[in-house]
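Just so it is clear: chains get the letters A, B, ... in the order the sequence lines come, proteins before strands, and each one is counted from 1.
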Protein chains: 2
Amino acid sequence: MALEHAILITLEERPSSGYELARRFDRSVGHFWAATHQQIYRTLKRMSEIRWVTSHEVPGEGRPLRKVYEVTDEGRDEFVRWLSENGEPAPYRQEIAVKLRGASLGSLPTLIAEFTRHRDLHAGWVAAFRRMEQRDFPDPASLTGRRLHHYLVLSGGIQSEEMLFAWCDQVVAALERELSGTSSQSAAAAG
Amino acid sequence: MALEHAILITLEERPSSGYELARRFDRSVGHFWAATHQQIYRTLKRMSEIRWVTSHEVPGEGRPLRKVYEVTDEGRDEFVRWLSENGEPAPYRQEIAVKLRGASLGSLPTLIAEFTRHRDLHAGWVAAFRRMEQRDFPDPASLTGRRLHHYLVLSGGIQSEEMLFAWCDQVVAALERELSGTSSQSAAAAG
DNA sequence: CCCTGGGCTGCAACTAGTTGCATATGCGCC
DNA sequence: GGCGCATATGCAACTAGTTGCAGCCCAGGG
């Protein structure tokens, strides 16, 4: 149940409509807690019902009506309570590792292609996060308070994507060696 | 939907009962795809119904009856099909990062304690995985085929836990500096 | 005037995972 | 004989996330 709290802290930083929240999740919040607009709207509704947030309608200027949400005192108290609650790391699940575990039943070139794609996706995330880092935190050593916290969150995201990139790269290299070794062995056996 | 395939590849390696599967998940499979025994039993039932696995009962010796499952040809075909299906990295979700993002609303010492606990949990995983690596793959450079794949899966788990350990350590150090800087500033302000 | 696309809200039905719990067999010990 | 624990199986009800879809407002361009 961290989506509620991710939304609460995001609204605490700046009241927003559901649509704006979805946009903020796509740009930054979603880098540490991903959520779709359907989840966000449903969760906003539920939090309205239990009075963790309140909303008011804002007429757009040349735009449709917007419902802007903000955190109530109860919502803030709930977030503070949750901060002090002991959490556990989530169970680990990595679909591509399941594929790798069962690689011998499939086609090496296909799995190499899959890992190459994932490696490139992660490389893209690394690059995007690094640009974000350069833009928002050019001098990390000088950071304090909230900006330090935000920087540390981004740093975690960067390290995670870098690790996944490096691992996929290691796997691609190893499987390619296996493929060329097997092909050589097959050629030698056939020759 | 990778649990089905994690179970299929695990049974392909060695037919097992639900209870044995749960044990194997606790020891190794669960390091890349975590699952509880309730999930495993339910998924075994469903895969029996769609004939991806079949089961037969085996009387225990001084033990209760066991239902041993094995993969059918259809189940094997489904796994191979799934191997060639393009997957996407899962959306990223890290509860403790949400807490860090909202750290300014809470107590720094409490958050430091939380990150310290997580760091130590990850350190424990690193140590356990390293022992597993030493025991099962003392000479990684010589590996080929299935054993190479299994090793690469474990390597990914190790790198992931190491990254989480390093990140939590970085956060603890930064928050402790902040705490002591704030305390010094508070003391100076009060003095 | 109509169409398209962006802005904006939101629901139903589903899957995947979790929590809580139940039941039975068998063995060893008190 | 009963208790506790390990072995072994499995369900119901719930939460969290996903998929698929629906609908409305507004502006701009053809």
Side-chain angles (χ1 to χ4, degrees), chain A residues 1-8 15-27 29-30 32-50 53 55-69 82 85 87-95 98, chain B residues 1-8 15-27 29-30 32-50 53 55-69 82 85 87-95 98:
Chain A
M1 180 165 113
L3 177 58
E4 277 81 358
H5 302 95
I7 290 178
L8 285 174
S16 302
S17 65
Y19 187 78
E20 282 162 354
L21 268 181
R23 295 281 293 267
R24 290 171 70 188
F25 267 66
D26 286 343
R27 288 200 306 276
V29 187
F32 56 92
W33 197 272
T36 59
H37 89 272
Q38 295 94 318
Q39 252 188 305
I40 291 171
Y41 281 95
R42 186 175 63 200
T43 305
L44 282 174
K45 181 180 183 183
R46 186 166 68 245
M47 293 200 289
S48 275
E49 287 165 353
I50 56 180
V53 300
S55 68
H56 59 281
E57 293 181 357
V58 172
E61 288 140 28
R63 299 170 166 182
L65 194 92
R66 289 158 64 236
K67 283 173 78 173
V68 173
Y69 292 84
W82 175 74
E85 183 180 81
E88 303 306 316
Y92 187 71
R93 292 187 180 95
Q94 187 79 268
E95 187 171 277
V98 179
Chain B
M1 180 167 116
L3 177 58
E4 277 81 358
H5 302 94
I7 290 178
L8 286 173
S16 302
S17 66
Y19 185 78
E20 281 161 354
L21 269 180
R23 294 280 294 270
R24 289 172 70 190
F25 267 67
D26 285 345
R27 289 202 303 278
V29 188
F32 57 90
W33 197 271
T36 59
H37 90 270
Q38 295 94 318
Q39 255 188 302
I40 290 171
Y41 281 94
R42 186 174 64 198
T43 304
L44 282 174
K45 180 180 183 183
R46 186 163 71 243
M47 291 199 291
S48 276
E49 286 164 354
I50 55 181
V53 301
S55 68
H56 59 282
E57 291 180 359
V58 172
E61 286 141 31
R63 299 170 166 180
L65 194 91
R66 288 156 67 236
K67 282 172 80 171
V68 173
Y69 292 83
W82 176 73
E85 187 181 78
E88 303 306 315
Y92 188 70
R93 293 190 178 93
Q94 187 80 270
E95 187 172 274
V98 180

Within this structure, what is the [atom1]-to-[atom2] distance between [X] and [N], rounded to whole angstrom?
{"X": "Glu20(B)", "N": "dT9(D)", "atom1": "CD", "atom2": "C1'", "value": "13 Å"}
{"X": "Phe25(A)", "N": "dT9(C)", "atom1": "CZ", "atom2": "P", "value": "15 Å"}
{"X": "Leu44(A)", "N": "dC11(C)", "atom1": "CG", "atom2": "C1'", "value": "15 Å"}
{"X": "Leu21(A)", "N": "dT9(C)", "atom1": "CG", "atom2": "P", "value": "9 Å"}
{"X": "Glu95(A)", "N": "dT18(D)", "atom1": "CD", "atom2": "P", "value": "13 Å"}

Do any side-chain nitrogens or oxygens of [X] fall under 4.0 Å of OP1 or OP2 in [N]?
{"X": "Thr36(B)", "N": "dT19(C)", "answer": "no"}
{"X": "Lys45(A)", "N": "dT9(C)", "answer": "no"}
{"X": "Tyr19(B)", "N": "dT9(D)", "answer": "no"}

Contact class for Tyr92(A) vs. all strands (heavy atom < 4.0 Å): base, sugar-phosphate, or nothing?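 The answer is nothing, as Tyr92(A) stays clear of every strand by at least 4.0 Å.
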Within the sub-3.5 Å range, which N or O atoms of nucleotides 21-29 of chain C have a protein N or O partner, and how far apart are they?
| residue | atom | partner | partner atom | Å |
| --- | --- | --- | --- | --- |
| dG26(C) | O3' | Gly62(B) | O | 3.1 |

Closest non-hydrogen atom pair, Gln39(B) against Ala34(B):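 For Gln39(B) versus Ala34(B), the nearest heavy atoms are OE1-O, 4.4 Å.
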Between Glu95(A) and Trp33(B), what is the shortest heavy-atom contact and its length?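 For Glu95(A) and Trp33(B), the tightest heavy-atom pair comes out as N-CZ3, 3.4 Å.
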I'd like a table of atom pairs between the protein and nucleotides 15-17 of chain C - only N or O on both sides, under 3.5 Å - with the distance next to each one.
| residue | atom | partner | partner atom | Å |
| --- | --- | --- | --- | --- |
| dG17(C) | OP2 | Gln39(B) | NE2 | 2.8 |
| dG17(C) | O5' | Gln39(B) | NE2 | 3.3 |
| dG17(C) | N7 | Arg42(B) | NH2 | 3.0 |

Quick one: list whatever passes side-chain hydrogen bond (donor to acceptor under 3.5 Å, both in side chains) with [X], sequence neighbours left out.
{"X": "Glu49(A)", "value": "none"}
{"X": "Gln94(B)", "value": "Tyr92(B)"}
{"X": "Glu85(B)", "value": "Arg81(B)"}

Does Arg23(A) CZ have over 12 foreign heavy atoms under 6.0 Å away?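 Result for CZ/Arg23(A): open.
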Does atom CZ of Arg63(A) have more than 12 heavy-atom neighbours, drawn from other residues, nucleotides or ligands, at distances under 6.0 Å?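 Atom CZ in Arg63(A) is not packed in, count stays at 12 or less.
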Kindly indicate whether the side chain of Phe25(B), heavy atoms from C-beta on, has any atom under 4.5 Å from the side chain of Leu3(B).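 Yes, their side chains come closer than 4.5 Å.
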Sequence neighbours excluded, which residues qualify as ring pair (Phe, Tyr, Trp, His ring centres under 6.0 Å) partners of Tyr41(B)?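 Checked Tyr41(B) against ring pair (Phe, Tyr, Trp, His ring centres under 6.0 Å); matches are His37(B).
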